[in-house]
Amino acid sequence: MRGMSIENLSAGFGGFTAIRDITLTIVPNKVTAIIGPSGSGKSTLLRCLNRMHEEVRGAWMRGRVLLDGEDIDAPEVDPVQVRRRVGMVFQRPNPFPTMSIFDNVAAGLRLGHWGRVPDLEERVERSLRQAALWDEVKDKLHEPGTALSGGQQQRLCIARALAVEPEVLLMDEPASALDPIATLRIEDLMRELAQTYTIIVVTHNMQQAARVSDYTAFLMMGEDRAGVLVEYGPTEQIFTNPKDKRTEDYITGRFG
Ligand SMILES: Nc1ncnc2c1ncn2[C@@H]1O[C@H](COP(=O)(O)OP(=O)(O)OP(=O)(O)O)[C@@H](O)[C@H]1O
Ligand SMILES: [Mg+2]
C-alpha cells in the first residue's frame with residue numbers, strides 16, 4: 001500500500017482538541033490542498049503527518065497515520081527517518097542563516113553521514129534544478145542562503161527538503177509571504193513536483209487551491225473549536241459542486 005493515509009486522527013494540546021477523528025486517504029503523486037478557516041487545525045494536521053506535532057509541549061494524538069502501510073508512530077519507528085520521508089516547507093522561508101546556498105541544500109544529506117557524502121555536488125544541483133532555482137544561483141552557490149529574495153529563499157527551502165528524496169512533501173501556506181509572481185512560480189513548481197512526489201499543501205487562497213490541487217480537503221471547527229473534516233474529494237467537485245452547505249459557504253467567501 002503506497003502512499004499516506006490518515007485513520008481516525010485526533011490531536012490536541014493539553015485539554016484542548018484541535019482536530020477530531022479525521023480520516024483521509026491521500027492519493028500518491030497528486031497535490032492535495034487542505035483548506036479551512038484559521039484555527040481549524042490545518043497546521044496541526046500537517047504536523048501529525050511527519051511527527052512534528054509531538055515536538056510541541058503538551059501535544060497528544062490518537063488514531064493512526066500510515067505511510068506505505070506502516071504506522072509512522074509505531075514505537076520502533078525513528079522520527080528522524082519519518083521526517084526524511086515526509087519533508088516540510090513552512091510559511092516563512094527559513095534557510096539556515098549561517099549557511100551558504102550549497103550548504104543549505106546539502107545539510108540534510110550530511111546529517112547522519114560521517115565523512116564525504118557520495119555525489120554531493122550532483123545531488124545538490126539536482127535538488128536546485130527540481131526546485132527551479134539552479135539557473136538563478138549556480139554562479140553563487142557559496143553566498144549565504146539568506147541573501148536571496150523571499151521567493152528564491154522559499155525555493156531554496158524546497159530544494160533543501162527535496163535533497164533527501166522524500167516521498168511526501170508537506171507545505172504549510174508556502175506562498176503566503178510571497179508576491180504574486182513568486183507565488184505563481186511556487187504553484188508551477190508544485191504541479192511539476194507532483195510528477196515525482198505526493199504533495200499536501202495548506203492554503204488560505206481559494207484560487208490557489210483550485211489552480212494547483214487535484215484533491216481538496218475542507219476542515220472546519222465545530223462548537224467546541226475542534227477541527228473536523230467536512231468534505232474531501234476531487235478539487236473540481238469541491239469547487240463546482242460541493243456536497244456540504246458549509247463547504248459551499250466557505251469557498252464562496254460567506255465565512256472564514
Ligand atoms: N502549540 C500550541 N499550543 C496550544 N494550542 C495550540 C498550539 N498550536 C495550535 N494550537 C491551537 O490549535 C488550534 C488549531 O491550530 P492550527 O494552527 O492547527 O490551525 P490552522 O488551521 O493552521 O490555523 P491558521 O489558518 O491560522 O494557520 C487553534 O485553536 C490553536 O490555537
Ligand atoms: Mg496554520
Side-chain angles (χ1 to χ4, degrees), residues 4 6-24 26 31-65 72-73 79 82-83 86-94 150 153-154 157-158 161 168-178 183 186-187 190 199-213 215-232 235 238-239 242 244 246-256:
M4 185 164 242
I6 300 158
E7 295 179 349
N8 306 106
L9 182 68
S10 299
F13 309 89
F16 177 67
T17 302
I19 51 174
R20 170 172 300 130
D21 203 23
I22 291 183
T23 296
L24 193 60
I26 302 292
V31 179
T32 298
I34 300 177
I35 60 170
S38 185
S40 59
K42 304 178 298 295
S43 296
T44 304
L45 171 61
L46 223 54
R47 283 196 300 266
C48 287
L49 305 184
N50 76 343
R51 294 195 56 174
M52 283 184 47
H53 179 63
E54 69 198 38
E55 301 292 330
V56 181
R57 257 185 88 192
W60 56 266
M61 70 162 268
R62 277 194 301 273
R64 300 203 304 168
V65 176
I72 67 167
D73 296 289
V82 172
R83 290 175 204 140
V86 186
M88 184 131 174
V89 173
F90 300 87
Q91 179 172 11
R92 302 230 157 245
N94 58 349
Q153 287 188 26
Q154 194 60 308
C157 294
I158 292 170
V168 180
L169 191 59
L170 309 175
M171 305 176 104
D172 197 348
E173 302 188 51
S176 63
L178 306 180
T183 297
I186 299 283
E187 290 182 9
M190 281 190 243
I199 296 183
I200 307 177
V201 58
V202 169
T203 179
H204 275 281
N205 179 328
M206 292 304 110
Q207 286 79 23
Q208 180 170 85
R211 279 194 298 262
V212 303
S213 71
Y215 295 88
T216 296
F218 171 53
L219 302 193
M220 209 181 97
M221 45 204 159
E223 306 241 297
D224 60 355
R225 292 176 51 227
V228 293
L229 178 65
V230 172
E231 189 164 349
Y232 172 51
T235 295
I238 297 281
F239 280 87
D244 195 296
R246 293 168 295 175
T247 312
E248 184 179 345
D249 287 348
Y250 184 72
I251 61 173
T252 54
R254 273 196 276 274
F255 73 86

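The structure displayed is predicted, hence computed values, not measured ones. Remember, it's 1-based here, ligands and their atoms both numbered in the order they're listed.
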Peer 1: Should the pair D73-R51 be classified as a salt bridge under the 4.0 Å nitrogen-to-oxygen rule?
Peer 2: yes
Peer 1: Is there a polar contact between ligand 1 and G39, counting only N or O atoms under 3.5 Å apart?
Peer 2: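 Among all N and O atoms of G39, at least one is under 3.5 Å from an N or O of ligand 1.
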Peer 1: Does S10 use its side chain to pair, donor to acceptor, with the backbone of D21 at less than 3.5 Å?
Peer 2: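 Between the backbone of D21 and the side chain of S10 there is a qualifying donor-acceptor contact (under 3.5 Å).
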Peer 1: Got the closest protein heavy atom to atom 31 (O) of ligand 1, with its distance?
Peer 2: R225 NH2, 4.4 Å
Peer 1: Do C157 and N94 have side-chain heavy atoms sitting under 4.5 Å apart?
Peer 2: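 Result yes, sub-4.5 Å side-chain heavy-atom pair found.
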Peer 1: Considering only non-hydrogen protein atoms, determine which one is nearest to atom 27 (O) of ligand 1 and report residue, atom name and distance to 0.1 Å.
Peer 2: E173 OE2, 3.7 Å
Peer 1: For atom 30 (C) of ligand 1, find the nearest protein heavy atom and state the residue, atom name and distance (0.1 Å precision).
Peer 2: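 Result for atom 30 (C) of ligand 1: F16 CE2, 4.5 Å.
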Peer 1: Under 3.5 Å, side chain of W60 to main-chain N/O of G14, donor-acceptor pair present?
Peer 2: yes
Peer 1: Could you tell me which non-hydrogen atom of H204 sits nearest to which non-hydrogen atom of G36, and how far apart they are?
Peer 2: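 Minimum heavy-atom contact is CE1-O, 3.8 Å.
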Peer 1: Pick one of side chain, backbone, both or neither for how R57 approaches ligand 1, counting any non-hydrogen atom pair under 4.0 Å.
Peer 2: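 Neither; no heavy atom under 4.0 Å.
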Peer 1: With side chains defined as the heavy atoms from C-beta onward, is the minimum distance between I22 and L219 less than 4.5 Å?
Peer 2: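 Counting from C-beta outward, I22 and L219 do come under 4.5 Å.
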Peer 1: Looking at atom 26 (O) of ligand 1, what's its closest protein heavy atom, distance included?
Peer 2: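 Nearest neighbour among protein heavy atoms for atom 26 (O) of ligand 1, to 0.1 Å: S38 OG, 2.5 Å.
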Peer 1: Of the protein's non-hydrogen atoms, which lies at the shortest distance from atom 17 (O) of ligand 1, and what is that distance?
Peer 2: S43 CB, 3.8 Å
Peer 1: How far is atom 1 (N) of ligand 1 from its nearest protein heavy atom, and which residue and atom name does that atom have?
Peer 2: V56 CG1, 3.2 Å
Peer 1: What are the atoms of ligand 1, with element, lying closer than 4.0 Å to any heavy atom of H204?
Peer 2: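 In order of number, 24 (P), 25 (O).
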Peer 1: Would you say S43 and Q91 make side-chain contact, with heavy atoms under 4.5 Å?
Peer 2: no
Peer 1: Just let me know how T44 lines up against ligand 1, side chain, backbone, both or neither, with a heavy-atom cut-off below 4.0 Å.
Peer 2: both
Peer 1: Tell me, which pairs form a salt bridge (Lys or Arg N to Asp or Glu O under 4.0 Å) where one or both residues lie in residues 199-213, sequence neighbours left out?
Peer 2: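 Qualifying pairs: E187-R211.
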Peer 1: Protein heavy-atom contact under 4.0 Å for atom 14 (C) of ligand 1?
Peer 2: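 For atom 14 (C) of ligand 1 the answer is yes, since some protein heavy atom falls inside 4.0 Å.
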Peer 1: Everything protein-side that's N, O or S and under 2.8 Å from the Mg ion (ligand 2): list it, residue and atom.
Peer 2: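 Short answer, with waters excluded from the count: S43 OG.
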Peer 1: Below the 3.5 angstrom mark, is there an N/O of G36, backbone or side chain, next to an N/O of ligand 1?
Peer 2: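 No, G36 has no N/O under 3.5 Å of an N/O on ligand 1.
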Peer 1: Strictly distance-based, threshold 3.5 Å: is any side-chain N or O of Q154 a donor or acceptor partner for the main-chain N or O of F90?
Peer 2: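 Yes, Q154 side chain to F90 backbone: donor-acceptor pair under 3.5 Å.
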Peer 1: With distance as the sole test, does E231 use its side chain to make a donor-acceptor pair with the main-chain N or O of D244 at under 3.5 Å?
Peer 2: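 Indeed, once roles are kept as given, a pair shorter than 3.5 Å links the two residues.
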Peer 1: What is the nearest protein non-hydrogen atom to atom 19 (O) of ligand 1, stated with its residue, atom name and distance?
Peer 2: G41 N, 3.4 Å
Peer 1: Do L49 and V168 touch side chain to side chain, with heavy atoms closer than 4.5 Å?
Peer 2: no
Peer 1: Taking the side chain as every heavy atom from C-beta outward, state whether D224 and T17 have any pair of such atoms under 4.5 Å apart.
Peer 2: no
Peer 1: Once you measure the plane-to-plane angle for F218 and Y250, does it fall in the parallel (<30°), tilted (30-60°) or perpendicular (>60°) bin?
Peer 2: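 Answer is parallel, since the angle falls under 30°.
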Peer 1: Among all protein heavy atoms, pick out the one at the shortest distance from atom 8 (N) of ligand 1; state its residue, atom name and that distance to 0.1 Å.
Peer 2: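 It is F13 CZ, 3.4 Å.
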